[in-house]
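We name chains A, B, ... by the order of the sequence lines, and we start the count at 1 in each one.
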Amino acid sequence: MMPGPGRSGLILEEPLLWEKGKEGRTAFSMPEQDVPECSGEVDRELLGNGPDFPDLSEMDIVRHYTRLSTWNFGIDTGMYPLGSCTMKYNPKINEKMAATPGIAASHPLLADELSQGALQVMFELQTFLATLTGMDAVSLQPAAGAQGEMAGMLVFASYFRKKGEKRNKILIPDTAHGTNPASAALCGFKPVQVKSGADGILDPKIVAELMDEETVGIMLTNPNTLGLFEESIREITAIVHGKGGLVYGDGANMNAVMGLVDFKRCGIDIMHLNLHKTFSTPHGGGGPGAGPVCVVEELEPFLPVPRIVKGRDSYHLEVDCPDSIGRLHAFFGNFGVLVRAYSYILSMGAENLKKASQLAVLNANYVRESLRDVLHLAYDKPCMHECVFSDKKQQEHKISTLDMAKRLIDHGYHPPTIYFPLVVPGAIMIEPTETENKDDLDQFITVFKDVAREAREDGERLRQSPMHSKVRRLDETLAARSPCLTG
Amino acid sequence: MMPGPGRSGLILEEPLLWEKGKEGRTAFSMPEQDVPECSGEVDRELLGNGPDFPDLSEMDIVRHYTRLSTWNFGIDTGMYPLGSCTMKYNPKINEKMAATPGIAASHPLLADELSQGALQVMFELQTFLATLTGMDAVSLQPAAGAQGEMAGMLVFASYFRKKGEKRNKILIPDTAHGTNPASAALCGFKPVQVKSGADGILDPKIVAELMDEETVGIMLTNPNTLGLFEESIREITAIVHGKGGLVYGDGANMNAVMGLVDFKRCGIDIMHLNLHKTFSTPHGGGGPGAGPVCVVEELEPFLPVPRIVKGRDSYHLEVDCPDSIGRLHAFFGNFGVLVRAYSYILSMGAENLKKASQLAVLNANYVRESLRDVLHLAYDKPCMHECVFSDKKQQEHKISTLDMAKRLIDHGYHPPTIYFPLVVPGAIMIEPTETENKDDLDQFITVFKDVAREAREDGERLRQSPMHSKVRRLDETLAARSPCLTG
Amino acid sequence: MRYLPHTDTEIMEMLAVSGHNQVEDLFAHIPEECRYQGEMELPEPLSEWALTDHFQNLAANIRSSSAKAVLLGAGSYSHHIPAIVPGLINRSEFLTAYTPYQAEMSQGTLQGIFEYQTLTARLLGMEVANASMYDGASALAEAILMALRLTRKKHTVAISAAIHPHYREVVRTYLQAGPFTIVELAVGEDGRTDFSALANIDDLAAVALQSPNFFGVIEDLERAAQTIHSADALFISCFSEPFAYGLFRSPGASGADIVCGEGQSFGMSRSFGGPGLGMFACRTKYQRSLPGRVVGETVDVEGKRGYVLTLATREQHIRREKATSNICSNQGLCALTAAAYMASLGGTGMRRIARLNYDKAAYLRKGLVEAGAKLLFRTPTFNEFVLCFDDDFEPVRNRLLEKGIVAGMELGNFYKEYKGAYLFCVTETTSKAVLDTVIKELRI
Amino acid sequence: MRYLPHTDTEIMEMLAVSGHNQVEDLFAHIPEECRYQGEMELPEPLSEWALTDHFQNLAANIRSSSAKAVLLGAGSYSHHIPAIVPGLINRSEFLTAYTPYQAEMSQGTLQGIFEYQTLTARLLGMEVANASMYDGASALAEAILMALRLTRKKHTVAISAAIHPHYREVVRTYLQAGPFTIVELAVGEDGRTDFSALANIDDLAAVALQSPNFFGVIEDLERAAQTIHSADALFISCFSEPFAYGLFRSPGASGADIVCGEGQSFGMSRSFGGPGLGMFACRTKYQRSLPGRVVGETVDVEGKRGYVLTLATREQHIRREKATSNICSNQGLCALTAAAYMASLGGTGMRRIARLNYDKAAYLRKGLVEAGAKLLFRTPTFNEFVLCFDDDFEPVRNRLLEKGIVAGMELGNFYKEYKGAYLFCVTETTSKAVLDTVIKELRI
Ligand SMILES: Cc1ncc(COP(=O)(O)O)c(C=O)c1O
Ligand SMILES: Cc1ncc(COP(=O)(O)O)c(C=O)c1O
């Protein structure tokens, strides 16, 4: 019997949509044709044949997606300790609130007075996020973390343009998420890599060496992607500010420090939050998310338009902001995601949010201590919300991080993040989050120890894994070499 | 590769609720204590300790039921050709309608004028069911088919009591569902078994022999549980009526004949319908269902109270019905189920309901014709909504109906009804229903043929099946011998 | 039609296999005189959207459900339902499955019902429970029939007049065809059952009480158990509000032999009275006489723990007319819902919510008494209580109705002797603000 | 708190393992000056029930959403959403999964997205599509950036002024930091893009149009393709209302090189403008320059078909600053929703609904014109159209608002030249009765 909850059971195969269906079936309930037909009058030149979609019955569609869903694994299925992703429980009540008919049906382009409830949600959420980070002003428009980063980089650019300064480099630590350099580059900056220190955090001396008047500043993640708090953050931000630069904070790891760290006091000028991580909105197998940016007062004029302004007893939208970087989204960003985060913050309150961070850090340290005998610890110091191991100990048995990750699938766990951050070869990054209980962590630890034992004693089993899943290891090279992107 | 959709995949184990949990956790959102506490004042003599329930977090509960659900199989998962059960697609829109806040929140005991919408639903559904069956009056109160039967038997009893006749026997065919004799017995009647004829239907001659003035009448199912239409129904009902008896119709198989058969013209006096079969309300792993009874005018006074009466422009409840058998349910029966059936009838309309029956019968005959070479046909004549085979051909290979049924599980199908009706030894009763499409039927047929091939060539595999499911064949004898009903 | 997948071509192909030319031919053997005449007269089919509009209109025509508060229970209670409960139980694997005849592909339902049986037994202080009955009323009727089976030659049952009037009516319906006598035990001045009539009954099979009873009054179950057992009868204890057992001693712990009642409070919305849930539990020694389905634990061929429907020999599909009940489909999904609800509460939550219900009801009761109302009974109650008024209460009630508050129900229809008395109910869902409004209105 | 499972005992046990005494010790290494001062000032936590009340109040404060009809599109459309679509896509296995990095336990999402890519490509007449962008506006911006990458040394793009004004703003935001010039092509008298300015541009990389454009007008895409290609530029065709392609020729079939736009119409509610769906498709030859995630087909070690995220070398997590885009999280669940929606429609349904949209819009347009309104443009439109009025339309619009009908949007804020003109939208969700009310009101 495997020590994890993973087992084999009955699941059903299902073909591609267009391998099913018969012309003439439908799963759509046709509304009444209560007006005369006149589409026939249209200019033939402009007409098409309509798309080549399969026709399916309602039962066909229901079975199709029901079956597909059973090949997937979500947080509701089991533990999902994907580092840097904060896969915590996504409360169902938030889904229900977002589906409130009046909220879900609201049109984004009507007069402000017709939309007060929606504007109130956004205004209050901005206030909450400002309180949570310690920052002064917030824009909710970015549709994900990377778009938040982009907003930040554009603010940098606008800020220096306005000051009349030409700077085009930006410091980015080697532990940064790939979106950081990509966002910086998109906004015309040249990333300069900052090596993290031997203890996994940034050394102010190195920053001081690299920071100059051609550099807009630094873009760092705190807690960083090794799960460590940048303890010299105040020195670093002082150095950057000293050279006239700005500091961008990637706040994707905010779940570690709610109510515990004040980012403004750390010297951060602008930061984004990932609501789909810290604020428990579901990740939906890839999105939608939301990546609000929070800034210090000085940078507020640069935030995206429209801005939501509270008048005496109503809210309104302001678009006349000459310094703004402009609009990032057709409307207000992923409003439905904002609603969920708002609902989460209201459900939790200050004390529980802080406690959530404390427990998230407790859980990570517990896993870290419990697995340190069997996995190599990349940096041997207390961690924040996640701990990073590597496959160093397993290499002698020719077992890689990938093999262990795939074996965890058989045991019924979603693998941790692997091979990231890049500075740790064969990284295994575990973020349990606060919603996992001790019993479940203990079981996970037992399983990981068992996998480590197998790595020593029965390596072939690991290389052959996963064995329980509907498909076995997939050929990613083939997929990339001869791409087949549509059927 | 197996020809059916059944495969092995990853599923997760999950302990019993009380094997999880820690005192002090909760999954319930505590409402505010906005009034003074005074429960402390209660007489200690009456107090208890509260139940010994495990304390779990919201995530615990969510994972628990999510995992349990993956061990189950519903219509949405795949084909469920359980004969006599009419496992057709359960439209999702009906669930949504039943959850309409104003409908779901209505209290059953308020003044009629506060509940008009709910009364309207019931009144109109009664009318629809009367139209569908051809009968004159309807009571929606019975909570399931068996309670409908009981209502019918009590109507029989009241009818004869009122007439001052003492009759205590009732004719019930050997093909009847077990609930029929059970319901009759519960109401003080002694069931007399009527043997069905060689062609699977009742012979009026036999009925004539058995029917006498000590017999209240007959309780028959039409189409019967062999999937055959009782072609002599008019003769039979005439015989029973001739002896002053009444005819009860078990309408569980109504799905075969909507808009095609008029039950009043057949001579039926009272019948029940299973809304959780014919009218597509989901069966919920055992219920709730609804088993309305439909009667001819003469029997209307005996129907359960309250009756819903339509006034000039409002509905009201009538309890003053001296001949009524009384109340069967604390309120109005399974109202939420009635709402779904009402929603279904409104979605379909007359034409589609008739077409549904036609297609249900088409599907059953198609399966019957397609499998007749590999399975023994109990009665070789065109069937209605279901066809009944047996394991006669497989017996020489020492393969039973049970073995084949269990093998179908591995192929990804819910087995047909087995070993019922009792008159067919080793019965395999297949009711595909109209919502299965031809492609899926063809695949099912291919699979069943393959199972029949295996029965000849590889019997041990069948006896070992199912192999894909989370648990293998379970020891039912042990369960019954030393019952363990609570943990 | 989106539920009917057949294309015309497919229909022709399929007909060909059975040698038919048109679908009508499949019905050729149905005698002409049995045929439906013409087409059914039903409304034209509605699209999803027209249907939704129709339901919005219907709902708008249920004024009570748009009320701010309905201060009435009487067997149907408003309790908070966590969003997770319906969300999980409506997963299609649970919702669209049949009764778990094929255990290997129904372990989800089966383990879930086994857990329901266990939590139910724990709640009620009993040893075993079944997989559900239709509702509290029919559960009581079945409990009485079970007691009559167990006590064989005795034919009289006594039922308290403080049991929900509808439950008593259903009992009468179920028992009407048998050779049974039903004696009703009067309600005492304290609102509890008066057992004095018991002494005069000969062949007493069982006595049935409800606690909290229809008036919200907590019966003294321990004393009742002594009285009933010394009359050599079985003690059936029923309920319509199981939340009471978060605070008050369970019927099982008080000595009942069979406990049954309504479980709607555990996660089901009122839904005009159904579907709810008949809960049913008894002592182990009676388990083979239980009506209804039960799930039991067993092992598979590899020794792995699993669950099956068991004790089938009690049931109609094996024993037919000799079955312990005719019940077949039960309220399975409601039982699963109740289990998920009980588990969401946990022991700790159950106690807290029960207390809050008590406290809120007490707040209104005290407030109204201070405003001039009189308690009909002075015995401890849970959730519900009965008040009398010096002046006609109807004008007050009507004013409250205009404010969207349904304040209690007049008892005259149920008990002539209590005409002019009103039954009130308060649960955790009613805010203090609403309660204060009611109190204030009475003072006016 | 129900989301935080730790009991105090467990916390102590866990702390002991890492040698700590209290939770605060875990944060001891955070410099004092970085610490949060005091406690956060946030509202007290709300129970599920208090939260629900709060949201009811918020919703009541969104007057537009209680309106009977909002006859406005402008990038956000009201279409019927079958109950099955959200029900299926919100199954927790889809909803609570992360981006499918571990393909073996994400085949549901992966096949679903592969199907989305395929249906999208078919709809738009293209060969490949990605797994989604944030919205129509950023998709257009990314399309232009892609075109600029493909055409290397050219730095000018021309965009039609008939493209949704917000989309154009987003394009400006995205391009502001680069060495690019954006030229706007004027709107002709027929409401279509005027290409005459193209002739004067030197290093033209791409031209972007929208069809149906912001005025609902169908651009002549075939002629546009010729013009643009003969200027040696890439043709980007965008949209905000994909239902149009159920009736009108797809951009791909008309010669576009990159097609992108907003997919909110396919199963997403308006939700105050998001989440929607950026759809993005191109020719196979450009697939390695695509921004965003893509799913590809492959096989497992046993040769079984399966799906993986692929072409990762374009992406930020491999190529970092050299990536084709910085996008990481996209609108995955919305893409899955759109696929389920397109599949529910089927080809047949898509054509029918598109026609019905056309017919309904035409009905209102004709009715209003008969009642005295004037068409701003006489070119064929889909769904949306622009009207001018002899008299001020505001009083009529206000009267309709009081009847719960939002009738169009004045264009002055977007186009000074069209001040006093109104953009209307009608979809299959608006009943003839509502349309008749609008027409009648104008006649008054
Ligand atoms: C540290 C960090 N930064 C940025 C991002 C990008 O966020 P998003 O995926 O929402 O664009 C992520 C998430 O993947 C992250 O982990
Ligand atoms: C023919 C027949 N009669 C009666 C019944 C009993 O119906 P129910 O299960 O709703 O009590 C059934 C269903 O099992 C049946 O198939």
Side-chain angles (χ1 to χ4, degrees), chain B residues 27-28 34-35 39 48 50-51 53 55 65 68-69 71-76 102 104-106 108 110 114 116-118 143-144 146 178 181-183 185 187-188 262 284-289 326-327 330-331 334-336 349-350 352 358 365-366 369 437-438 469 471-472 474 479 484-486, chain C residues 1 5 10 14 18 23 36 40 42 45 58-59 61-65 88 91-93 96-97 99 104-105 107-109 118 123 128 134 137 166 169 173 177 249 269 271-275 296-298 300 306 310 316-317 320-321 323 326 329-330 332-333 344 346-347 349 351 355 358 363 432:
Chain B
F28 202 88
D34 58 359
V35 297
S39 37
F53 291 170
D55 284 354
Y65 287 99
L68 259 58
S69 77
W71 313 342
N72 244 28
F73 186 99
I75 305 166
D76 287 10
S106 52
L110 301 182
L114 298 180
Q116 287 297 304
S183 301
C187 300
D262 181 318
R327 198 182 279 272
F331 302 111
N334 283 329
F335 179 75
N352 286 316
Q358 290 173 326
N365 277 287
Y366 182 68
E369 283 300 321
N437 68 42
K438 178 171 180 294
S469 51
V471 291
R472 306 275 306 278
L474 287 155
C484 165
L485 309 185
T486 48
Chain C
M1 211 289 153
E10 286 173 324
M14 293 170 77
S18 54
V23 179
Y36 204 94
M40 295 183 287
L42 293 173
L58 287 169
N61 222 349
I62 304 181
R63 266 178 60 207
S64 65
S65 57
L88 291 166
R91 279 178 61 87
S92 65
E93 291 89 339
T96 73
T99 302
E104 296 85 359
M105 68 201 318
Q107 285 298 300
T109 294
T118 303
L123 176 76
V128 297
Y134 301 135
H166 290 175
E169 287 186 45
T173 305
R249 184 176 297 119
S269 54
S271 189
F272 213 54
E297 192 173 294
T298 187
D300 75 358
T310 192
Q316 35 67 30
H317 60 277
R320 301 177 79 84
E321 69 262 30
N326 70 333
S329 290
N330 55 21
L333 201 72
S344 298
R351 279 181 279 273
R355 282 181 194 145
Y358 184 91
Y363 181 83
K432 178 168 174 295

Hey, does the side chain of [X] reach the backbone of [Y] with a donor-acceptor pair shorter than 3.5 angstrom?
| X | Y | value |
| --- | --- | --- |
| C:T96 | B:D76 | yes |
| C:N61 | B:Q116 | no |
| B:D34 | C:K432 | yes |
| B:D55 | C:G347 | yes |
| C:D300 | B:R472 | yes |

* To do: Answer yes or no: is there a side-chain heavy-atom contact under 4.5 Å between B:L68 and C:L88?
  =>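 No. Closest side-chain heavy atoms not under 4.5 Å.
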* Asked: Less than 4.5 Å apart, any side-chain heavy atom of B:F53 and any of C:L123?
  ->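 They are in side-chain contact.
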Which value, rounded to the nearest 0.5 Å, describes the distance between [X] atom [atom1] and [Y] atom [atom2]?
| X | Y | atom1 | atom2 | value |
| --- | --- | --- | --- | --- |
| C:R91 | B:S69 | CZ | OG | 3.5 Å |
| C:E297 | B:T486 | CD | OG1 | 9.5 Å |
| B:Y65 | C:S344 | OH | OG | 7.5 Å |
| C:N326 | B:C187 | CG | SG | 7.5 Å |

Can you say whether [X] sits under 4.5 Å from chain B via the side chain, the backbone, both, or neither, judging by heavy atoms?
| X | answer |
| --- | --- |
| C:R351 | side chain |
| C:T310 | side chain |
| C:V23 | side chain |

* Charged N-O contact under 4.0 Å between B:R327 and C:E169 ->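 Yes.
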What option among [options] has the most heavy-atom pairs under 4.5 Å with chain C?
| options | result |
| --- | --- |
| B:G284, B:G102, B:G74, B:G50 | B:G284 |
| B:S106, B:G287, B:G349, B:G178 | B:S106 |
| B:A185, B:G326, B:A146 | B:A146 |

* **Between C:G349, C:P45, C:S18, the one whose heavy-atom pairs under 4.5 Å with chain B are most numerous** =>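 Maximum pair count with chain B is reached by C:P45.
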If every non-hydrogen atom of [X] is compared with every non-hydrogen atom of [Y], which pair is closest and at what distance?
| X | Y | value |
| --- | --- | --- |
| B:N72 | C:Q107 | OD1-N, 3.7 Å |
| C:Y134 | B:A144 | CE2-CB, 3.6 Å |
| C:G108 | B:W71 | N-CB, 3.7 Å |
| C:T99 | B:G286 | OG1-CA, 3.4 Å |
| B:G285 | C:T109 | O-CG2, 3.7 Å |

* Results of side chain to side chain donor-acceptor pair (under 3.5 Å) for C:S269 - residues two or more places apart only ->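 Not a single residue meets the side chain to side chain donor-acceptor pair (under 3.5 Å) criterion with C:S269.
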